[in-house]
Amino acid sequence: MTIYVWMVVLLVAAAFLFRGNRRNCKIFMIISFLLLFSVMGLRNVYAFGSDAWGTHGSYSMSFDRIGATPWGNLAGKGQNNYNIGFIYLMKIFYELTNGNYQLFISIFSLFVVFSYVRFIKKYSVSPIQSVLYFLGLLFYPFLFDALKQALAMAVLLFAFDAIIEKKPIKFLIIVALAATFHFPALVFLPAYWIGRMKIGRNYLILLAAFLLITFVFRNQLLNLMLNAYGDSDTEATMEGIRFLRNKALIMIAIVIFAVVIRPPTPEETVYNILLMFAGISIVFQTFCGYNNIFERLADYYFHTSIVFIPLVFEQGREPSGRIALFVSDPAKKAAVLIACAFAIWRFLSYVNDSGLFLPYLFFWQS
């Protein structure tokens, strides 16, 4: 537990030490990258998580199995057809690293953490808030075990650039690439056209349509996702359902708070897109009690909230790369501090109580 506490302490200390201008922002983001990568990428992959259990579904066993499979036999039936890009990626790294799964995870973590830090640096008005929400909304610990989706979500952060730049071909290529790693990433396919909309009647009609279509075709959608996951044991426990429903309530609270505190305006492109993404994520999260796979679908939109939430407190300002933990308005200042404190508490409570992240060991420890 100590390693996670120290990571949070050092992140907050660095945010206060390197505040204000772009140079300081860059230094803070470098420090954030080093801390986040060190804990995720230099961990002993066999010490905790699914790989420590040695279960049939663990990635370490898949890595060895794929490494022993001839190239011509990689594309087979079932799950391999849905996530063939990830299968080939593991095979390539198996060959390059001589079967070193520890090194594979380190290189994998390097890219994933870099993608999120880059996204925060480029679009967040308050990187320290975004980093803390990255922890508190539990996206960071999620990336430790869900490797296929972690890679796909990291790749899709580059697709967000294509939305802002109005480059649909680039967007489609990136989404297609992400889907080869994790087939459900195709749920992000409408994001480009959603991002081109304005919040209003048409968007509300779209949300209603998404809700209706998801409800009507929930069984077909679920079966498709189960084939992609290659695992039918996805029913949540009652405790898990409570967790997922609490997450849905957090999503709804964020959107309501955002609309009340900072109503969208036409000129705020990034804010409007992220607000619409938050609405789409709520639609999918609504069905989390039916099956927890719908939470995975929601996260493809909701993980951008790490940049969206700080924007709620920065009225009329587009992302500028500033470190802005405190805002001028006293009420908003208090709200920021409460939100950041809650994020820290939630992250530390989760890694302590879930049983998946302790005891922590670096790769050189046994």
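Bear in mind the structure is a predicted one, so any value in this text is a computation, not a measurement. Side chains are part of it too, since the values below use all heavy atoms of this structure and drop only hydrogens, waters and symmetry mates.
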Under a 4.5 Å cut-off applied to non-hydrogen side-chain atoms, are [X] and [Y] in contact?
| X | Y | result |
| --- | --- | --- |
| Phe183 | Phe86 | no |
| Phe302 | Ile282 | no |
| Phe111 | Val155 | yes |

[X]: partners by ring-ring contact (aromatic ring centres under 6.0 Å, His included), with sequence neighbours left out:
| X | result |
| --- | --- |
| Trp193 | none |
| Tyr4 | Tyr360 |
| Phe308 | Tyr271 |
| Phe108 | none |

For the side chain of [X] and the backbone of [Y], is there at least one donor-acceptor N/O pair under 3.5 Å apart?
| X | Y | answer |
| --- | --- | --- |
| Tyr301 | Val187 | yes |
| Glu95 | Met90 | no |
| Ser281 | Ala278 | yes |
| Arg43 | Met40 | yes |

Check: Can the ring centroids of Tyr94 and Phe104 be said to lie less than 6.0 angstrom from one another?
Finding: no
Next item on the list: Answer with yes or no after comparing the ring centroid distance for Phe134 and Phe139 against a 6.0 Å cut-off, counting only values under it.
Entry: no
Item checked: Flag if over 12 foreign heavy atoms under 6.0 Å of CG, Asn98 -> no
All side-chain contact (heavy atoms from CB on, under 4.5 Å) counterparts of [X], not counting sequence neighbours:
| X | result |
| --- | --- |
| Arg196 | Ile163, Lys166, Tyr192 |
| Leu96 | Ile92 |
| Pro359 | none |
| Ile31 | Ala14, Phe18, Ile27, Leu35 |

Indicate every side-chain donor-acceptor pair of residues 168-178 with a distance under 3.5 Å to a residue at least two apart or in another chain.
from, atom 1, to, atom 2, distance (Å)
Lys170, NZ, Glu165, OE1, 3.2

Notebook entry, point to check: Going hydrophobic residue to hydrophobic residue with side-chain gaps under 4.5 angstrom, can you get from Leu361 over to Phe144?
Noted result: no
Notebook entry, point to check: Quick one: do Ile338 and Leu135 end up in the same hydrophobic cluster if we chain Ile, Leu, Val, Met, Phe, Trp and Tyr together by side-chain heavy atoms under 4.5 Å apart?
Noted result: no
Item checked: Non-neighbouring partners of Ser38 that pass side chain to side chain donor-acceptor pair (under 3.5 Å), sequence neighbours left out -> none
Note to self: I'd like to check the side chain to side chain donor-acceptor pair (under 3.5 Å) partners of Trp6; sequence neighbours left out, ordered by chain and number.
What the structure shows: none
Next item on the list: Kindly give the heavy-atom pair with the smallest separation between Lys91 and Ile66, and that separation in Å.
Entry: CD-O, 3.5 Å
Margin query: Give me each pair satisfying side chain to side chain donor-acceptor pair (under 3.5 Å) with a member in residues 303-313, each pair once, sequence neighbours excluded.
Written below: Tyr116-His303
